[in-house]
Amino acid sequence: YCGVDCQKVHRKQHKNLCKQRVAELEDELLYSQGHERPEGDFCPICTLPIPLPMEKHSVFVACCMKRICNGCRVAAQKRGMFDC
């Protein structure tokens, strides 16, 4: 803006856009803070993150010493793979 008066005149036109942009900037800040989950929190079969709490949404498979998500476990059982 060329000055405070110009900014006040145009405020009504830009108010909603400015609020939306502020929300976008806040989201970008939150998502860029670098909080990442460890490698063991991802299913080794589908590579998706296992939802929290992990104990409720996954099983530990002793043969490969890995935790797999319930979706992959059910898919394996449907294919007849019951031993692992």
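- Pairs engaging residues 41-60 under the salt bridge (charged side-chain N to carboxylate O under 4.0 Å, His left out) rule: Arg37-Asp41 [sequence neighbours left out].
- In the hydrophobic clustering, where aliphatic and aromatic side chains (Ile, Leu, Val, Met, Phe, Trp, Tyr) are joined below 4.5 Å either directly or transitively, Leu52 groups with Ile50, Met54.
- Every residue meeting the side chain to side chain contact (heavy atoms under 4.5 Å, CB included) condition with Ile45, not counting sequence neighbours, appears here in chain and number order: Cys43, Ile68, Cys72.
- Members clustered with Val9: none, using a 4.5 Å side-chain heavy-atom cutoff among hydrophobic residues.
- Residues satisfying the side chain to side chain contact (heavy atoms under 4.5 Å, CB included) test with Gln20, not counting sequence neighbours, are Leu17, Glu24.
- For residues 61-73, the pairs satisfying side-chain hydrogen bond (donor to acceptor under 3.5 Å, both in side chains) are Ser58-Arg67, with sequence neighbours left out.
- Under the salt bridge (Lys or Arg N to Asp or Glu O under 4.0 Å) criterion, Glu28 pairs with Arg21, sequence neighbours left out.
- No more than 12 heavy-atom neighbours from other residues, nucleotides or ligands sit within 6.0 angstrom of CD on Glu39.
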